[in-house]
Engineer: 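First, the structure itself, so that you have it in front of you.
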Amino acid sequence: MLEGARATHKALQLVAKCWDLASAYKQVPLSGQAYEMDSYIVVYNPDTGKPEIYQRAVLPFGPIASVTAFLRCAMGILHIGSAVLKLTWTSYFDDFLSFTHQSLDRHTDLCISTLFNLLGWRLSTDKLAPYDQCCEVLGAQLDLQRSVLGSFRS
């Protein structure tokens, strides 16, 4: 975006926003076959002194297969947003970082929130912040105040 603006001699004030999925793995249901065969977990109960068997209907957090399955879902979301809505965004596991022109922030916000809603994904509402020239993502601060000059700081 910055290179394109520079090439056309336009000033581009970018803003960014981080979208975080709420309990991401718990939002991915197991297939019928996986539910029948791979959904059991055994947990030791210190009160009874015996193991107890539980069955989960969603991806368990931690196993490599769960990570792979979730990343496929995240890539699907990313691809739909990029290909269909022409969003400028990226993702890292359950965090999606979106960039847009400052004048389009409300429109982009509506598009992305509607996309997650239509796909049935819940967001961490406590982590949602409005689009801004400074955005925190994965513990790093992203400063876009210099985007009109063709650069940014982190």
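We're numbering straight along the sequence, starting at 1.
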Engineer: As an exercise, state the distance from NE2 of His101 to NZ of Lys10, rounded to the nearest 0.5 Å.
Structural biologist: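 So the gap between those two atoms works out to 9.0 Å.
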Engineer: Can you list every side chain to side chain donor-acceptor pair (under 3.5 Å) pair that touches residues 130-140, not counting sequence neighbours?
Structural biologist: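 Every pair satisfying side chain to side chain donor-acceptor pair (under 3.5 Å) with a residue in residues 130-140: Ser98-Tyr131.
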Engineer: Less than 4.5 Å apart, side chain to side chain, heavy atoms only: is that true for Cys18 and Asp95?
Structural biologist: yes
Engineer: Could you state whether Leu14 and Val148 fall into the same hydrophobic cluster, counting links through intermediate Ile, Leu, Val, Met, Phe, Trp or Tyr residues with side-chain heavy atoms under 4.5 angstrom apart?
Structural biologist: no
Engineer: Counting N and O atoms only, with roles assigned by atom type, does the side chain of Ser113 sit under 3.5 Å from a partner on the main chain of Leu110, one being a donor and the other an acceptor?
Structural biologist: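 Judged by distance alone, yes, a pair lies under 3.5 Å.
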Engineer: May I ask you to check whether Phe116 and Trp121 place their ring centres under 6.0 Å from each other?
Structural biologist: no
Engineer: Take atom CD of Gln33 as the centre, draw a 6.0 Å sphere, and report whether it contains more than 12 heavy atoms from other residues, nucleotides or ligands.
Structural biologist: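 Counting neighbours around CD of Gln33, 12 or fewer heavy atoms of other residues, nucleotides or ligands fall under 6.0 Å, so no.
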Engineer: side-chain hydrogen bond (donor to acceptor under 3.5 Å, both in side chains) between Tyr44 and Glu52: does it pass, once the steps are laid out?
Structural biologist: CA-CA 6 Å; Tyr44 176 76; Glu52 295 179 358; over 6 Å; no
Engineer: For Met1, does the CE atom have more than 12 heavy-atom neighbours from other residues, nucleotides or ligands under 6.0 Å away?
Structural biologist: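 More than 12 within 6.0 Å, yes.
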Engineer: Rounded to the nearest 0.5 Å, what's the gap from CZ on Arg56 to OG on Ser39? Could you check?
Structural biologist: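 Between Arg56 CZ and Ser39 OG, I get 9.5 Å after rounding to 0.5 Å.
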Engineer: Kindly work out whether a path of hydrophobic side-chain contacts (I/L/V/M/F/W/Y, heavy atoms less than 4.5 Å apart) joins Ile41 to Leu59.
Structural biologist: no
Engineer: Indicate, with yes or no, if Leu128 and Leu142 share a hydrophobic cluster defined by side-chain heavy-atom contacts under 4.5 Å among Ile, Leu, Val, Met, Phe, Trp and Tyr.
Structural biologist: yes
Engineer: Is there a donor-acceptor contact under 3.5 Å from the side chain of Ser31 to the main chain of Ala34?
Structural biologist: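 Here the side-chain-to-backbone pair exists.
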Engineer: Is there side-chain contact between Gln141 and Cys134, with heavy atoms separated by less than 4.5 Å?
Structural biologist: yes
Engineer: Could you give the distance from CG (Leu71) to OG (Ser66), rounded to the nearest 0.5 Å?
Structural biologist: 10.5 Å
Engineer: Answer yes or no: is there a donor N or O on one side and an acceptor on the other, between the side chain of Ser124 and the main chain of Asp126, under 3.5 Å?
Structural biologist: no
Engineer: Measure the CD-CG distance between Gln13 and Leu149 for me, rounded to the nearest 0.5 Å.
Structural biologist: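 Reported value, rounded in 0.5 Å steps: 9.0 Å.
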Engineer: Are any non-hydrogen side-chain atoms of Asp20 and Leu123 less than 4.5 angstrom apart?
Structural biologist: no
Engineer: Taking Thr8 for its side chain and Gly4 for its backbone only, find out whether a donor-acceptor pair lies under 3.5 Å.
Structural biologist: yes
Engineer: If you measure from CG on Leu104 to CG on Asp109, what distance do you get to the nearest 0.5 Å?
Structural biologist: 12.0 Å
Engineer: Is the CG atom of Leu118 crowded by more than 12 outside heavy atoms at less than 6.0 Å?
Structural biologist: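 More than 12 within 6.0 Å, yes.
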Engineer: Is there side-chain contact between Leu119 and Ile77, with heavy atoms separated by less than 4.5 Å?
Structural biologist: yes
Engineer: Mind checking whether Phe96 and Ile112 have side chains closer than 4.5 Å, heavy atoms only?
Structural biologist: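 Counting from C-beta outward, Phe96 and Ile112 never come under 4.5 Å.
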Engineer: side-chain contact (heavy atoms from CB on, under 4.5 Å) between Leu85 and Ile80: does it pass, once the steps are laid out?
Structural biologist: CA-CA 7 Å; Leu85 300 178; Ile80 291 169; 5.6 Å; no
Engineer: Should the heavy atoms of other residues, nucleotides or ligands under 6.0 Å from CZ of Arg6 be counted, would the total exceed 12?
Structural biologist: yes
Engineer: Are any of the side-chain heavy atoms of Ser91 and Trp19 separated by less than 4.5 Å?
Structural biologist: no
Engineer: Can you check whether Trp89 reaches Leu97 side chain to side chain, under 4.5 Å on heavy atoms?
Structural biologist: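 A side-chain contact is absent here, since even the closest heavy-atom pair is not under 4.5 Å.
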Engineer: Between the main-chain N or O of Leu12 and the side-chain N or O of Ser147, is there a donor-acceptor pair closer than 3.5 Å?
Structural biologist: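 Yes.
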Engineer: State plainly whether one hydrophobic cluster holds both Leu21 and Val58, where clusters connect Ile, Leu, Val, Met, Phe, Trp and Tyr through side-chain heavy atoms under 4.5 angstrom apart.
Structural biologist: no
Engineer: Going hydrophobic residue to hydrophobic residue with side-chain gaps under 4.5 angstrom, can you get from Tyr40 over to Leu30?
Structural biologist: no
Engineer: Kindly indicate whether the side chain of Phe99, heavy atoms from C-beta on, has any atom under 4.5 Å from the side chain of Leu144.
Structural biologist: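 Yes; the side chains approach each other to less than 4.5 Å.
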